[in-house]
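Below is one structure, written out as structure tokens, with a few remarks after it.
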2 protein chains.
Amino acid sequence: MRGMTDPFGSLSLELASTVDRVADELRRAVFDGELESGTPLREVALAESLGVSRSTLREALGVLVAEGIAVREPNRGVSVASPDPESIRDVCRARAVLELAGVRRWAEADESLRDELRDALVAYTTAVREGASYHTLNERHLAFHLGFVQLLDSPRLVAMAETLYAELRLALAQIDRIRRNAHDQAGSHTRLVMMLERGDVDGAATDLGAHLAGAERDILEALALP
Amino acid sequence: MRGMTDPFGSLSLELASTVDRVADELRRAVFDGELESGTPLREVALAESLGVSRSTLREALGVLVAEGIAVREPNRGVSVASPDPESIRDVCRARAVLELAGVRRWAEADESLRDELRDALVAYTTAVREGASYHTLNERHLAFHLGFVQLLDSPRLVAMAETLYAELRLALAQIDRIRRNAHDQAGSHTRLVMMLERGDVDGAATDLGAHLAGAERDILEALALP
DNA sequence: ATTGCCGGATTGTCCGACAATCCGACAGCG
DNA sequence: CGCTGTCGGATTGTCGGACAATCCGGCAAT
């Protein structure tokens with residue numbers, strides 16, 4: 001056993017629990033806009049609609065609630081969370097803390113983590129250039145921002161950031177009609193990374209802070225329109 | 001309806017769902033050391049021991065797992081999480097990010113939040129002076145540290161910090177025999193706040209960083225002994 | 001030493017049931 | 001008209017039982 005490299009290291013298999021698959025499907029439905037925010041998720045209806053028992057559906061709902069995608073009111077069931085301005089502000093404030101902390105760690109971070117961020121950037125910019133779908137644009141954009149948090153090299157902080165992004169996705173799913181100026185964002189993002197490569201961490205931090213504040217403002221505006 | 005202050009604003013009632021009570025009881029048992037880390041939490045046994053159905057117990061276990069207090073292995077059940085050095089390091093790194101971000105915001109934070117931090121400090125120091133129980137010392141100490149995160153004025157970041165502290169409590173529950181130099185810590189903490197009052201944010205940040213690094217080292221050492 | 005098989009224990013999932021609670025409607029009553 | 005009490009339907013919270021799938025340890029067979 002000792003000293004020998006595992007010959008099957010590349011093998012793995014993900015067995016998807018039924019609960020997980022149900023949660024995945026619900027997430028997808030929410031982020032794809034099939035379920036408007038505020039829609040009540042009735043247990044019996046959803047259960048037989050998905051072909052699962054009420055017990056397992058309840059468990060899946062618990063997952064969604066824990067992720068902040070849905071809210072549960074005692075004795076009144078769970079419904080798709082409706083992002084109010086207050087929570088949007090909070091999510092943006094929280095993500096700013098995490099991402100800025102990541103930026104400030106650029107120099108000390110592991111090279112592979114920096115590379116991941118660079119890769120995420122090119123994935124995003126190419127998606128922008130090729131005029132990808134709004135959905136993939138959002139995903140690439142969030143993946144890029146997650147790259148900053150990954151610089152902190154802390155699985156828990158990354159997981160926290162992902163739950164924050166889940167709430168952002170929920171909010172964005174409501175305003176997907178508004179195609180924002182993605183090209184401009186791509187430009188500002190490459191500029192940001194270039195500042196980092198040059199060693200200007202403070203400049204990048206203030207730049208990112210401004211970008212995040214702008215994103216928060218955009219979301220709030222778009223959300224207040226209807 | 002408009003302009004009138006709610007005459008019943010002070011009223012509220014917390015109806016404790018059975019699941020919540022079960023989760024609370026399990027948390028208490030874990031943090032009080034009644035359940036050693038690694039102990040498997042058998043569903044049928046625990047369910048009838050607590051006088052609840054297996055369904056509700058399962059749901060409560062899901063809560064514990066989501067909080068990181070327990071871990072679930074597919075088809076093998078959930079057991080009390082055993083804090084390995086890697087996760088300890090991660091938790092400490094994550095809390096450092098959050099607490100340091102809070103310290104850096106001392107000047108801009110709301111006065112009431114600063115006051116809460118001051119109150120938490122005196123609560124802790126008096127507990128130290130009066131030789132309170134190890135358990136309450138831990139609680140006051142963590143409450144003080146949480147005060148830094150509260151300076152960020154973000155409910156989500158506070159909630160994240162609390163789950164991090166839950167994992168810390170779990171680790172501390174394993175080494176409660178070792179009574180650490182709480183008096184010294186109280187001194188360093190008051191010194192830290194005094195630096196903040198004086199406006200020396202950078203000094204307080206480096207001080208807190210060192211303190212957190214020391215705490216991480218202490219926990220890792222104490223955990224490696226047995 | 002490895003493999004194959006078996007039996008008990010435990011989880012994952014399903015089903016049906018029931019009380020508690022909530023909601024809307026509707027009647028009663030000042 | 002506004003407020004209060006009541007009723008029925010719908011939904012959740014919790015329960016108990018059931019069963020296949022999976023895991024684990026031991027033991028036999030190769």
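Naming convention: chains lettered A, B, ... in sequence-line order (proteins, then strands); numbering from 1 in each chain.
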Exercise for the section: Could you check which of C:dC22, D:dC15, D:dC23 has an atom nearest any side-chain atom of A:Asn75? Expected result: C:dC22

Problem - Side-chain N or O of B:Thr18 closer than 4.0 Å to phosphate OP1/OP2 of D:dT14 - result: yes

Problem - B:Thr125 (side chain) donor-acceptor with B:Leu121 (main chain) under 3.5 angstrom - result: yes

Handout entry: Donor-acceptor pair, side chain of B:Arg169 and main chain of B:Phe31, under 3.5 angstrom
Key = no

Fill in the blank from the handout: Separation of C:dA17 atom C1' from A:Arg54 atom CZ, nearest Å, is 10 Å

Exercise for the section: Indicate whether the side chain of A:Arg58 and that of A:Ser55 have a donor and an acceptor atom separated by less than 3.5 Å. Expected result: no

Completion exercise
Of the candidates C:dT13, C:dG12, D:dT11, the side chain of A:Val19 sits closest to C:dT13

Handout entry: Distance in angstrom units between B:Glu59 CD and C:dT11 P, rounded
Key = 17 Å

Handout entry: Listed nucleotide nearest any side-chain atom of A:Thr56, set D:dT14, C:dC14, D:dG13
Key = C:dC14

Handout entry: Check: B:Ser112 main-chain N/O paired with B:Asp110 side-chain donor or acceptor under 3.5 Å
Key = yes

Exercise for the section: Starting from C1' on C:dC14, measure out to CG on A:Leu50 and report it in whole angstrom. Expected result: 15 Å

Problem - Nucleotide D:dT11, atom C1' - distance to CD of A:Glu48 in whole Å - result: 14 Å

Practice task
Nearest whole angstrom, please: distance from the P of D:dG16 to the CG of B:Leu57.
Solution key: 13 Å

Handout entry: Whole-Å gap separating C1' (D:dC24) and CD (B:Glu73)
Key = 13 Å

Exercise for the section: Taking only the side-chain nitrogens and oxygens of B:Arg58, find out if one of them lies under 4.0 Å from OP1 or OP2 of C:dT11. Expected result: no

Handout entry: Any A:Ser55 side-chain N or O less than 4.0 Å from OP1/OP2 of C:dC15
Key = no

Practice task
In whole angstrom, give the distance that lies between atom CZ of A:Arg76 and atom C1' of C:dA20.
Solution key: 15 Å

Practice task
Report the distance from atom CZ of A:Arg42 to atom P of D:dG9, rounded to the nearest whole Å.
Solution key: 18 Å

Fill in the blank from the handout: The residue among B:His145, B:Glu99, B:Glu216 that forms side chain to side chain donor-acceptor pair (under 3.5 Å) with B:His211 is B:His145

